[in-house]
Amino acid sequence: MQPFQKILKTLSAVANCDHYLFTLNDFQAIIPSYTRKNLKGVIRRIEKSGVLKRVCRGLYLYEQADYPRGLVLYHAAAHLRAGDFNYISLESALSAAGIISQVLPNWITIISSGRSHTISCGNFGHIEFIHTKRPLQQLAAELTYDPTHHLWRASVKLALHDMKITHRNQDLIDKEAIK
């Protein structure tokens with residue numbers, strides 16, 4: 001079977017609403033005999049056919065899967081930093097809690113044990129990772145796992161603290177909503 005068809009057949013069999021993002025390593029596992037360069041060529045052809053959509057460097061969305069459109073950035077963040085400690089915080093957590101009413105559309109903020117970096121995800125938006133040195137044990141009481149977003153989520157108290165220690169603009173915080 002040709003690599004193009006082999007990848008399509010595998011994606012069709014394994015993709016679902018929770019597993020619709022794939023990395024180059026995932027594709028390498030499907031056709032391990034291909035070099036990275038040759039694999040990228042096959043992936044580009046699949047992209048051009050409209051079956052895959054590049055979310056960001058090295059991460060692709062399988063368009064035929066019934067995926068949750070509003071959660072792509074969060075799922076991509078979980079995928080991209082799977083080896084790090086990450087949690088939704090700052091403006092993203094406060095907006096979800098109704099503490100901040102105005103946030104940039106298609107922009108999420110994640111506190112991470114990995115390096116600070118903003119990743120452009122094309123039409124999907126941006127993921128802003130902000131580095132922390134604080135260990136999980138220090139934060140555990142203020143975190144809950146959000147299975148829908150595939151990430152930990154800060155409490156309002158922790159998100160407000162994160163806003164202060166990262167020197168974020170606090171002008172949009174609704175002080176009445178905090179009470």
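We use all heavy atoms of the structure for the numbers below, so side chains are in, but hydrogens, waters and symmetry mates are not.
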Sub-4.5 Å side-chain heavy-atom contact between [X] and [Y]:
X	Y	value
F27	L52	yes
F85	L143	yes
I127	Y74	no
Q138	K133	no
E63	V51	no
H126	N106	no
N123	K53	yes
K6	I30	yes

Which value, rounded to the nearest 0.5 Å, describes the distance between [X] atom [atom1] and [Y] atom [atom2]?
X	Y	atom1	atom2	result
L21	L71	CG	CG	10.5 Å
L151	S89	CG	OG	12.0 Å
I99	Q170	CD1	CD	12.5 Å

For R134 and T132, which I'm curious about, is there any donor-acceptor pair between the side chains at under 3.5 Å?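 Side chains of R134 and T132: pair found under 3.5 Å.
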Is the charged tip of R45 near the ring of F4: under 6.0 Å from the six-membered ring centre and within 45° of its axis?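 Here R45 fails the 6.0 Å and 45° test against F4.
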When you group the ILVMFWY residues by side-chain heavy-atom contacts below 4.5 Å and let the links chain together, are Y87 and I119 in the same group?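 No.
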Quick one: ring pair (Phe, Tyr, Trp, His ring centres under 6.0 Å) partners of H150, sequence neighbours excluded? H75
So H19 and H79, would you call those rings parallel, tilted or perpendicular, with 30° and 60° as cut-offs? tilted
